[in-house]
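See structure below.
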Amino acid sequence: MPDKPPTLGLGENGILHFTVASQLLRELGERLVGKAYIALAELIKNSYDADATTVNMTFGQDYIEVCDDGHGMLPEEFDRWWMRIGSTHKEEQSRSPAGRNLTGSKGVGRLAAQFLANNLEIRSVSSQDYKREITVNIDWEKAVATGELTHAQAAYEIKNPLARFARDSKCGFYIKLSGLRQTWDEGQFEELAGEVWWLQPPFYRLTQPQGSLPFKIAVESPDASLGKAFEERMGAILGLWTAKITGQIKNSNDKTSVQLAIEFPGRK
């Protein structure tokens with residue numbers, strides 16, 4: 001007769017619980033993100049969803065910094081949302097406080113950070129509480145090595161704010177990715193521009209509803225050709241237009257009328 005399978009200490013009956021291997025962090029990052037420029041684009045989209053008007057990206061020797069002037073996160077929000085893989089709060093919320101349609105994929109921002117680099121530092125100050133800054137550090141290699149996803153840890157500290165964010169804002173979100181897992185070249189920067197150009201719309205003042213926020217992405221790199229490749233691709237895409245149509249809706253004496261104007265390149 002064949003040997004009986006080991007019982008693993010189980011009783012006659014009871015309840016079994018699912019477990020999650022920490023390797024899933026890496027597997028999901030590679031399968032859902034897959035490309036470095038897509039991963040970085042997800043972090044930029046998170047800034048957009050936080051109603052940032054400016055995102056500064058700094059590329060250094062073996063690190064990338066992403067800093068915005070959005071509304072940031074409270075420490076409690078960070079624990080509830082950022083630390084939960086696959087959270088659905090963006091689906092439930094659908095729009096940002098300023099009315100933007102949310103763009104980031106649920107949970108992918110964390111996976112993008114893991115895909116891009118071995119180490120992650122986060123600082124955040126919320127617009128709801130300027131007196132508390134949360135700082136979080138994650139060593140992804142150690143997190144994956146724990147074996148169980150629920151055992152992976154992130155060291156944090158809550159303290160008085162020490163620094164400003166993009167545009168010298170008192171609130172925002174700062175990410176430093178170090179120990180990069182990919183090499184960035186001009187092609188990667190061009191692909192990145194292709195992923196995010198639509199977040200920075202052309203003709204902003206004419207096309208956006210009154211009271212809405214602009215959005216600017218700035219790139220800084222020791223290699224000037226990389227930032228130039230990004231800017232040229234952004235400009236090339238935004239410059240692809242043959243006509244610009246603007247309109248205005250007017251209400252008067254219970255009547256509604258629409259006024260349209262068409263502008264062609266080089267003439268009005």
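Reckoned from all heavy atoms, side chains included, excluding hydrogens, waters and symmetry mates.
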| task | Report yes or no: does Gln182 contribute a side-chain atom to a donor-acceptor pair with the main-chain N or O of Phe115 at less than 3.5 Å? | result | yes

| field | Heavy-atom closest contact (Met234 atom, Val196 atom, distance) | value | SD-CG2, 4.3 Å

| task | Kindly determine whether Phe78 and Val136 satisfy side chain to side chain contact (heavy atoms under 4.5 Å, CB included), including the steps that lead there. | result | CA-CA 10 Å; Phe78 187 91; Val136 180; 3.6 Å; yes

| field | Donor-acceptor under 3.5 Å (Asn56 side chain, Ala218 main chain) | value | no

| query | Just by distance, with hydrogens left out, do Arg164 and Ser169 show a side-chain donor and acceptor under 3.5 Å apart? | reply | no

| Nearest non-hydrogen partners of Ala117 and Ser178, listed with the distance | CB-O, 3.3 Å

| field | Asp68 and Thr54, any side-chain heavy atoms less than 4.5 Å apart | value | no

| request: Please answer whether the main-chain N or O of Ile217 pairs with a side-chain N or O of Gln200 as donor and acceptor at a distance below 3.5 Å. | output: yes

| said: Would you say that Thr135 contacts Ile122 through its side chain, given a criterion of any heavy-atom pair below 4.5 Å between the two side chains? | reply: no

| request: Examine distances only and state if a side-chain atom of Glu190 and a backbone atom of Gly187 form a donor-acceptor pair shorter than 3.5 Å. | output: no

| How far apart are the C-alpha atoms of Glu186 and Ser225, what are their side-chain angles, what is the distance that settles it, and do they pass the side chain to side chain contact (heavy atoms under 4.5 Å, CB included) test? | CA-CA 7 Å; Glu186 291 184 21; Ser225 65; 3.4 Å; yes

| said: Looking at every heavy atom in both Pro75 and Ile158, which two are closest together, and how far apart are they? | reply: CB-CD1, 3.6 Å

| request: Answer with yes or no whether the side chains of Asp51 and Ser96 bring together a donor and an acceptor at under 3.5 Å. | output: yes

| task | Output the distance between atom CD (Glu191) and atom CZ (Arg233), rounded to the nearest 0.5 Å. | result | 6.0 Å

| message | With a 4.5 Å cut-off on side-chain heavy atoms, are Asn101 and Tyr48 touching? | response | no

| Any side-chain heavy-atom pair from Val66 and Ile64 closer than 4.5 angstrom? | yes

| message | If I compare all heavy atoms of Ala36 with all of Leu116, which pair ends up nearest, and what's the gap? | response | O-CD2, 3.6 Å

| said: Are there over 12 heavy-atom neighbours, none belonging to Glu76, within less than 6.0 Å of that residue's CD? | reply: yes

| query | Are the side chains of Asn137 and Tyr156 in touch, meaning some heavy atoms are under 4.5 Å apart? | reply | no

| Are any non-hydrogen side-chain atoms of Val219 and Phe189 less than 4.5 angstrom apart? | yes

| field | Transitive ILVMFWY side-chain link Trp82 to Tyr174, under 4.5 Å | value | no

| message | Please say yes or no: joined through hydrophobic side-chain contacts below 4.5 Å, possibly via intermediate residues, are Leu40 and Leu226 part of one cluster? | response | yes

| message | In the structure I gave you, are the side-chain heavy atoms of Leu192 and Met57 within less than 4.5 Å of one another anywhere? | response | yes

| query | Rounded to the nearest 0.5 Å, how far does CG of Asp79 lie from CD1 of Ile134? | reply | 7.5 Å

| message | Tell me if the NZ atom of Lys159 is crowded by more than 12 foreign heavy atoms within 6.0 Å. | response | yes

| task | Can you measure from CG (Asp62) to CG (Leu180) and round to the nearest 0.5 angstrom? | result | 5.0 Å

| task | Assess Arg123 against Phe165: is NZ or CZ under 6.0 Å from the centre of the six-membered ring, and within 45 degrees of the ring's axis? | result | yes

| task | Identify whether Trp140 and Ile38 are in the same connected component of the hydrophobic contact network (ILVMFWY, side-chain heavy atoms under 4.5 Å). | result | yes

| field | Distance (rounded to the nearest 0.5 Å) between Lys170 NZ and Lys131 NZ | value | 10.5 Å

| query | If you measure from CZ on Arg167 to NZ on Lys216, what distance do you get to the nearest 0.5 Å? | reply | 13.0 Å

| message | Is there a side-chain hydrogen bond (donor to acceptor under 3.5 Å, both in side chains) between Ser221 and Asp223? Walk through the geometry before answering. | response | CA-CA 5 Å; Ser221 171; Asp223 186 346; 5.9 Å; no

| request: Heavy atoms only: give me the nearest Ala39-Ala112 pair and the separation to one decimal. | output: O-CB, 3.3 Å

| query | Between Glu121 and Ile175, is any pair of side-chain heavy atoms under 4.5 Å apart? | reply | no

| request: Report yes or no: do Trp81 and Leu74 belong to one cluster of Ile/Leu/Val/Met/Phe/Trp/Tyr joined by side chain heavy-atom distances under 4.5 Å? | output: no

| message | If hydrophobic clusters are built from ILVMFWY residues whose side chains come within less than 4.5 Å, do Val125 and Met83 share one? | response | no

| request: Would you check, one step at a time, whether the test salt bridge (charged side-chain N to carboxylate O under 4.0 Å, His left out) holds for Glu42 with Lys45? | output: CA-CA 5 Å; Glu42 284 298 324; Lys45 290 176 184 178; 3.6 Å; yes

| field | Nearest-0.5 Å distance that lies between atom CG in Asn119 and atom CG in Leu177 | value | 9.5 Å

| Should we count CZ of Phe59 as having more than 12 external heavy atoms under 6.0 Å? | yes

| query | Within the side chain of Ser124, is there an N or O that forms a donor-acceptor pair under 3.5 Å with the backbone of Gly172? | reply | yes

| request: Test Asn118 against Asp139 for side chain to side chain contact (heavy atoms under 4.5 Å, CB included), laying out the working first. | output: CA-CA 6 Å; Asn118 293 324; Asp139 183 325; 5.6 Å; no

| field | Arg132 (side chain) donor-acceptor with Pro161 (main chain) under 3.5 angstrom | value | no

| said: For Cys171 versus Gly70, what's the shortest heavy-atom pair and its separation? | reply: SG-O, 3.3 Å

| side-chain hydrogen bond (donor to acceptor under 3.5 Å, both in side chains) assessment of Glu195 paired with Tyr37 | CA-CA 8 Å; Glu195 289 289 320; Tyr37 62 86; 5.1 Å; no

